[in-house]
Amino acid sequence: MALPYTHHYDLSFFALNLKKFGSSHLQPFCCLRCNSSVSSSPFTEKHSLQRYQRDQWVYNNNNQRRPSLSCDDEAASCSVPADSDSIRLNDIALQLPELRKLLQVLKHKRESCGGQVPKNGLGDVFLVGTGPGDPDLLTLKAVKVIQKADLLLYDRLVSNAVLDLVGPDARLLYVGKTAGYHSRTQEEIHELLLSFAEAGATVVRLQGGDPLVFGRGGEEMDFLQQQGIQVKVIPGITAASGISAELGIPLTHRGIANSVRFLTGHSRKGGTDPLFVAENAADPDSTLVVYMGLSTLPSLAQKLIHHGLPPDTPATAVERGTTPQQRMVFAKLKDLADKIKTAELVSPTLIIIGKVVALSPFWPQSLTEASRLVEV
């Protein structure tokens, strides 16, 4: 269904924002760390030095100072004042002059390029999935589109290694979201995509994993198509597939798991207990993969056990999967939340629950357990 927005062109959301200023006998626990510097991140943290260096073009003509940064040279995340709406709005205000200038340049280029003008004078928008973090997991099609883009809007979970592939003449703009801080609202992202596509630009929307799996790709595609903008989706390896392969966990396995189910740990309206699907998800012959589920795992685990999933079901939590900073915790379902807390895993962390987890070579006594499962 179409989203109920009223659209005003020429970056109407800019004016809006400016007005606001003045399993059975399994081993219980295993924790593995690989290059586990918690302070470093393969992704773009909300106020990281890397973000401002990468997007510095959008601050070029501003005499105002960017948010102050206090960073360790080896850390990707920075110490900044507490998040607030004023910080976000101030950052957007600093970007407006350069964004407007780029829009004018693109419009002029469109009007002066003769026979090369796109149909209806409109550019294309590509929704590109970048996978779970490892740049080698990108599709060839994704790389080609990334390298020819005029403007790329990228999320937090697009890894720095992937962003290094962007062409030298392209412009990057961070539009990431974290809990408690959205650098852009979803409506603002929609308007950015629309405004630059109307200017004839090739716009790429980069999203971690696959844009149509627990992303906003479907909403963005629907919004743009209703405005007459052609949208092409380039799928990415979703975290469930990429991370399970990295750990040697088959999401389905004959005689052990005959289906796989993807769940989100987030509630659309927020809160700590959105997982009402647990009653239907507690199937011992299925594999559950939980995205964004760190905060709600204790509740989910209790509900799954209450609805019949054995408390000894093998489970794992993987932080920053497929990147050099990957960290893993393996435990029984009943113990997993406590083990995650002990290991101090942080977002992004993917959770996999099911008997297939015991087939991983990282599961304690995995060969013995795998043999037992296959025999059963």
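Values reported hereafter were calculated over all heavy atoms of this structure, with side chains retained and with hydrogens, waters and symmetry mates removed. If you're wondering where the values come from, they're calculated on a predicted model, not measured in any experiment.
- For the residue pair Gln230 and Gln225, no side-chain donor N or O sits within less than 3.5 Å of a side-chain acceptor on the partner.
- Between Tyr52 and Tyr59, the gap from one ring centroid to the other is short of 6.0 Å.
- One hydrophobic cluster, built from ILVMFWY side chains closer than 4.5 Å, holds both Leu122 and Leu151.
- Between Phe330 and Leu247 there is a side-chain heavy-atom pair separated by less than 4.5 Å.
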Stepwise salt bridge (charged side-chain N to carboxylate O under 4.0 Å, His left out) check, Asp283 with Arg261: CA-CA 10 Å; Asp283 179 2; Arg261 184 167 185 172; over 6 Å; no

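- Contact check for Val346 versus Arg320: side-chain heavy atoms found under the 4.5 Å cut-off.
- Taking the charged nitrogens against the carboxylate oxygens, Asp338 and Lys332 have no contact shorter than 4.0 Å, which rules out a salt bridge.
- Two different hydrophobic clusters hold Tyr154 and Leu224 under the rule that ILVMFWY side chains link at heavy-atom gaps under 4.5 Å.
- Using a 4.5 Å heavy-atom threshold, the side chains of Val356 and Thr252 count as separate.
- Counting only distance, with no hydrogens or angles, the side chain of Asp55 and the backbone of Tyr174 share a donor-acceptor pair below 3.5 Å.
- No side-chain donor-acceptor contact under 3.5 Å links Ser159 to the backbone of Phe43.
- Judged by distance alone, the side chain of Thr238 and the main-chain N or O of Gly209 form no donor-acceptor pair under 3.5 Å.
- Judged by distance alone, the side chain of Ser259 and the main-chain N or O of Ser286 form no donor-acceptor pair under 3.5 Å.
- One N or O on the side chain of Ser195 and one on the backbone of Glu191 form a donor-acceptor pair closer than 3.5 Å.
- For the pair Gln207/Leu157, no side-chain contact is recorded, criterion being any heavy-atom separation below 4.5 Å from C-beta on.
- Between Gln95 and Leu173 the shortest side-chain heavy-atom distance falls below 4.5 Å.
- The shortest distance between side-chain heavy atoms of Ile352 and Leu288 does not fall below 4.5 Å.
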Check the pair Asp169, Lys148 against salt bridge (charged side-chain N to carboxylate O under 4.0 Å, His left out), reporting the backbone distance first and the verdict last. CA-CA 9 Å; Asp169 297 326; Lys148 74 175 185 180; over 6 Å; no

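- Of the inter-residue distances, the one linking Arg171 atom CZ with Trp57 atom CH2 reads 6.0 Å to the nearest 0.5 angstrom.
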Show the numbers, then the answer: is there a salt bridge (charged side-chain N to carboxylate O under 4.0 Å, His left out) between Glu188 and Arg88? CA-CA 12 Å; Glu188 288 167 347; Arg88 186 187 78 85; 2.8 Å; yes

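- Using a distance-only test at 3.5 Å, with no hydrogens or angles considered, no donor-acceptor pair links the side chain of Ser360 to the main chain of Ile249.
- Residues Asn160 and Gln50 meet the side-chain proximity criterion, which asks for heavy atoms closer than 4.5 Å.
- The shortest distance between side-chain heavy atoms of Val233 and Leu212 falls below 4.5 Å.
- Side-chain N or O atoms of Asp155 include none that pairs as donor or acceptor with a backbone N or O of Gly208 at under 3.5 Å.
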